[in-house]
Number of protein chains: 4
Amino acid sequence: MTKGEETKQFIIERSAPIFNTKGIAATAMSDIMEATQLSKGSLYVHFENKEVLAASAIDYNMELLFTKVQTAVNQQRTAKDKLFAFVDALKDPLSPPVTGGCPMMNFGTEADDTNQLVKNKVNQAFDSGEQTIVNIIEQGIKDGSMNPDWNYREFAVMMFAMIEGGIVMSRVAGNIAKMNIITKNIKKMINEELL
Amino acid sequence: MTKGEETKQFIIERSAPIFNTKGIAATAMSDIMEATQLSKGSLYVHFENKEVLAASAIDYNMELLFTKVQTAVNQQRTAKDKLFAFVDALKDPLSPPVTGGCPMMNFGTEADDTNQLVKNKVNQAFDSGEQTIVNIIEQGIKDGSMNPDWNYREFAVMMFAMIEGGIVMSRVAGNIAKMNIITKNIKKMINEELL
Amino acid sequence: MTKGEETKQFIIERSAPIFNTKGIAATAMSDIMEATQLSKGSLYVHFENKEVLAASAIDYNMELLFTKVQTAVNQQRTAKDKLFAFVDALKDPLSPPVTGGCPMMNFGTEADDTNQLVKNKVNQAFDSGEQTIVNIIEQGIKDGSMNPDWNYREFAVMMFAMIEGGIVMSRVAGNIAKMNIITKNIKKMINEELL
Amino acid sequence: MTKGEETKQFIIERSAPIFNTKGIAATAMSDIMEATQLSKGSLYVHFENKEVLAASAIDYNMELLFTKVQTAVNQQRTAKDKLFAFVDALKDPLSPPVTGGCPMMNFGTEADDTNQLVKNKVNQAFDSGEQTIVNIIEQGIKDGSMNPDWNYREFAVMMFAMIEGGIVMSRVAGNIAKMNIITKNIKKMINEELL
DNA sequence: TATGAATGAGCCTTCATTCAT
DNA sequence: TATGAATGAAGGCTCATTCAT
């Protein structure tokens with residue numbers, strides 16, 4: 001990695017939590033100057049403009065989240081354990097895997113009406129999160145540990161939507177009571193499809 | 001209503017969809033000047049500052065949403081029909097009851113880390129949305145149309161979380177495929193508890 | 001004139017000589033802040049952006065020049081004296097009627113390749129300067145004091161071009177030797193067409 | 001020519017038309033980076049700063065113009081043909097010998113109030129252009145083809161001023177109508193002094 | 001000689017807010 | 001109550017220039 005690439009990556013890593021916490025519009029380049037201790041000009045050496053930097057930070061936040069979830073999933077053997085690991089990785093919205101909460105929710109709600117590029121990024125992330133769930137269940141069905149008649153595609157949508165909704169509700173509440181209910185019930189629904 | 005109160009209300013009604021669409025940070029007082037065709041000074045006659053105006057607009061958006069949902073619910077007789085009406089009122093996130101999408105999600109994700117006042121407002125709104133569901137089910141149990149052993153409090157949390165998560169996912173996707181799955185399955189879950 | 005119009009006019013008057021002296025690109029809004037002792041925001045209350053302000057200043061500079069020349073012309077009776085007054089009004093490029101030199105030359109050379117709007121303004125000014133000369137001569141021919149066979153339309157072009165060229169040459173030289181030669185010869189050419 | 005000198009010359013050739021088109025103030029070092037495909041640092045290896053580079057580019061533009069005019073002049077034998085060649089070399093300001101128009105007018109109007117160095121360069125160029133005309137006529141008088149009583153020194157000033165003024169007028173007009181009038185009349189004035 | 005990362009002053013513009021009228 | 005002129009801090013961004021490699 002060249003010096004320039006290193007700096008670029010450094011800027012992304014430092015700005016990502018700021019964008020995820022304050023939002024794109026409320027994050028100023030001066031916030032990033034402070035977080036990186038770099039000059040204004042230097043930021044623009046590596047990023048054309050704030051929009052491009054924000055896009056990189058959004059990618060970074062979502063990839064970081066995915067890596068954390070995927071890592072947790074991969075540490076398990078059975079499909080059930082993998083699914084539970086997925087749920088558990090996101091069970092505490094007050095100590096989220098990524099500072100600032102779920103980047104899909106944060107940037108999705110900020111961008112849905114105004115920023116097609118970000119909207120698309122978030123949409124892909126939602127799809128690939130859902131696909132992760134689908135893949136695990138398909139493995140479980142294949143190895144005979146899960147009910148082959150399960151409408152797992154629809155379950156994946158419901159499960160992911162419930163988690164995402166629960167994250168926002170719990171963050172706003174300042175406690176994870178609702179998230180606990182959701183976590184518990186998702187696990188229950190999974191258990192009902194085990195063979 | 002005095003002239004002043006009328007103007008104040010007018011400003012709220014015009015600014016509410018803007019805040020809900022662009023977000024608080026990205027909405028400028030000049031946007032509201034344009035939308036109301038009022039002068040800068042006039043806005044400040046009625047609202048101390050942008051924060052106060054935003055708070056009023058947020059309240060308005062959430063009340064409008066509740067009114068619309070409640071109106072749909074009230075048009076039904078049975079608990080089941082009321083619950084279905086609740087779900088149906090929110091089933092199309094691309095043509096939402098309130099311009100800009102769900103205000104709880106929009107302001108909740110923008111404010112969760114940075115604005116305690118808004119955070120509290122949204123939290124209360126989530127609670128009272130959930131309570132609406134709870135009330136309907138309690139009526140259904142009381143009149144004997146719904147399963148008295150149903151853990152309906154937990155169901156209310158799940159149902160509301162699923163809807164909220166589904167709204168964001170569908171808005172970001174630009175289509176309501178996921179929302180349709182969610183709507184269908186929520187109704188299925190309700191049907192399973194009917195007597 | 002309202003307060004706003006007064007301020008707007010004041011800004012134009014103060015900025016006009018700066019634009020004419022330094023050029024559009026080299027004039028900063030901060031230069032105009034200093035010259036007007038107004039705040040940055042105040043400047044933008046009256047002018048959408050720098051381009052619009054520059055356009056107003058250019059108009060002002062050219063109108064000021066025309067007024068001065070026209071006033072000098074109008075003080076004379078005969079066509080010959082009017083023509084001489086025109087020439088004399090522009091005979092000293094080091095003490096020009098408008099601070100910074102001829103606005104048509106200044107903005108014309110700055111804008112010819114890059115700014116269609118300004119280019120058009122300047123072109124019209126050149127045409128109307130030429131027309132002034134034409135009008136005077138037509139009066140002279142009509143009243144019998146000037147040669148009716150004179151190709152005065154072509155003379156107007158030559159005379160104006162010579163003056164404009166001479167202005168730049170003399171300003172760059174720092175002395176009006178060349179301009180004196182031009183002034184003298186233009187008058188000689190005029191004298192040759194008197195009856 | 002060493003590698004360094006070659007690069008230096010290359011930078012001048014590429015930047016000259018940019019400076020002549022946009023002006024000194026409006027030309028950024030980044031414009032020159034793009035035009036040369038050289039790095040920022042490389043530009044500063046060869047030129048102390050933008051001012052020095054601009055000065056070199058100005059020299060280059062004026063020398064290029066002189067070379068083109070002189071070449072045209074030298075292809076003719078008689079004084080009259082030489083003079084006509086001079087005029088014809090500049091007769092189309094929309095397809096000028098040097099991209100961006102007459103460098104003396106461009107840099108003269110930009111620099112007359114603000115940049116003594118450039119002002120002097122332009123003044124010398126005006127003088128030497130005038131001197132070229134003078135030299136041709138003196139040859140014509142010496143060889144008996146031109147009127148020895150001609151006040152040719154004054155004619156040279158007028159002729160050059162007319163051409164320069166005409167260039168700006170025509171560039172701003174977007175057509176060469178006025179320049180055609182000027183060209184025609186200069187030739188007529190020359191013809192009147194032939195023996 | 002050539003690179004490109006880094007700088008910080010300065011650019012144009014927008015912002016929320018104040019206040020005399 | 002309503003206006004709109006005035007403010008100045010802050011916004012995103014560009015600039016000429018430096019310097020280690």
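Quick note on labels: first sequence line is chain A, next is B, and so on, each numbered from 1. What you see below is based on every heavy atom in this structure, not just the backbone, and it leaves out hydrogens, waters and symmetry mates.
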Exercise. A:Q37 CD to E:dG8 P: how many Å, rounded?
Worked result: 11 Å
For this session: Identify whether the distance between the nearest side-chain nitrogen and carboxylate oxygen of D:K119 and D:D113 falls below 4.0 Å.
Result: no
For this session: Step by step, work out the side-chain contact (heavy atoms from CB on, under 4.5 Å) result for D:D112 and D:V118.
Result: CA-CA 8 Å; D:D112 58 358; D:V118 171; over 6 Å; no
For this session: List the steps, then state whether side-chain contact (heavy atoms from CB on, under 4.5 Å) holds for C:M33 with C:L43.
Result: CA-CA 8 Å; C:M33 283 171 68; C:L43 260 27; 3.6 Å; yes
Exercise. Rounded to the nearest Å, what distance is computed from the CD1 atom of residue D:I24 to the P atom of nucleotide F:dC15?
Worked result: 16 Å
For this session: For B:E48 and for C:D31, find the nucleotide of DNA chain E with the closest heavy atom, then tell me which residue's nucleotide is more 5'.
Result: C:D31
Problem set entry | Minimum heavy-atom distance A:A55-A:L117, with the two atoms named | CB-CD2, 4.1 Å
For this session: Side chain of B:S39 only, please: which of E:dA16, F:dG4, F:dG8 is the nearest?
Result: F:dG4
Exercise. CZ of D:F10 versus C1' of E:dT1: gap in Å, rounded?
Worked result: 15 Å
Problem set entry | Between C1' of F:dG11 and CG of A:L43, the distance in whole Å | 14 Å
For this session: Quickly work out the C:N49 CG to E:dT13 C1' distance and round it to whole Å.
Result: 9 Å
For this session: Would you please confirm or rule out a distance under 4.0 Å between OP1 or OP2 of E:dA6 and any side-chain N or O of A:T7?
Result: yes
Problem set entry | Backbone of A:G108 reached by a side-chain donor or acceptor of B:R171 within 3.5 Å | no
Problem set entry | Given E:dA16, F:dG12, E:dT1, the nucleotide with the shortest approach to the side chain of D:H46 | E:dT1
For this session: Return the value, rounded to whole Å, for the distance between atom CZ of C:F47 and atom P of F:dG4.
Result: 17 Å
Exercise. To the side chain of C:M29, which of E:dA6, E:dA16, E:dC12 is closest?
Worked result: E:dC12
For this session: Measure from the side-chain heavy atoms of D:K50 and tell me the nearest of F:dA16, E:dC15, E:dA2.
Result: F:dA16
Exercise. With a non-hydrogen cut-off below 4.0 angstrom, is C:T27 in contact with a base, only sugar-phosphate, or nothing?
Worked result: sugar-phosphate
Exercise. NZ of D:K40 versus C1' of E:dT7: gap in Å, rounded?
Worked result: 11 Å
For this session: Starting at the 5' end of DNA chain E, write a dot or bracket for each base, bracketing those in Watson-Crick or G-U wobble pairs whose two distances are under 3.5 Å and using | for partners on another strand.
Result: .||||||||||||||||||||
Problem set entry | Atom CD of D:E34 with >12 non-hydrogen neighbours under 6.0 angstrom | no
Seminar exercise, completed: Of F:dT14, E:dA2, E:dT14, the nucleotide closest to the side chain of A:Y44 is F:dT14
For this session: Determine, for D:F107 and D:K121, whether the Lys NZ or Arg CZ falls below 6.0 Å from the six-membered ring centre while staying within 45 degrees of the axis.
Result: no
For this session: Could you tell me whether B:T2 contacts a base, only the sugar-phosphate backbone, or nothing, with contacts defined as non-hydrogen atoms closer than 4.0 Å?
Result: nothing
Exercise. Looking at E:dA5, F:dA6, E:dT13, which one has an atom nearest to any side-chain atom of C:S42?
Worked result: F:dA6
Seminar exercise, completed: Residues D:A35 and D:I18: closest non-hydrogen pair is CB-CD1, 3.5 Å
Seminar exercise, completed: Between CD of D:E34 and P of F:dC15 the distance, given in whole Å, is 11 Å
Seminar exercise, completed: From the candidates E:dA16, F:dT1, F:dT14, the one with an atom nearest any side-chain atom of B:K3 is F:dT1
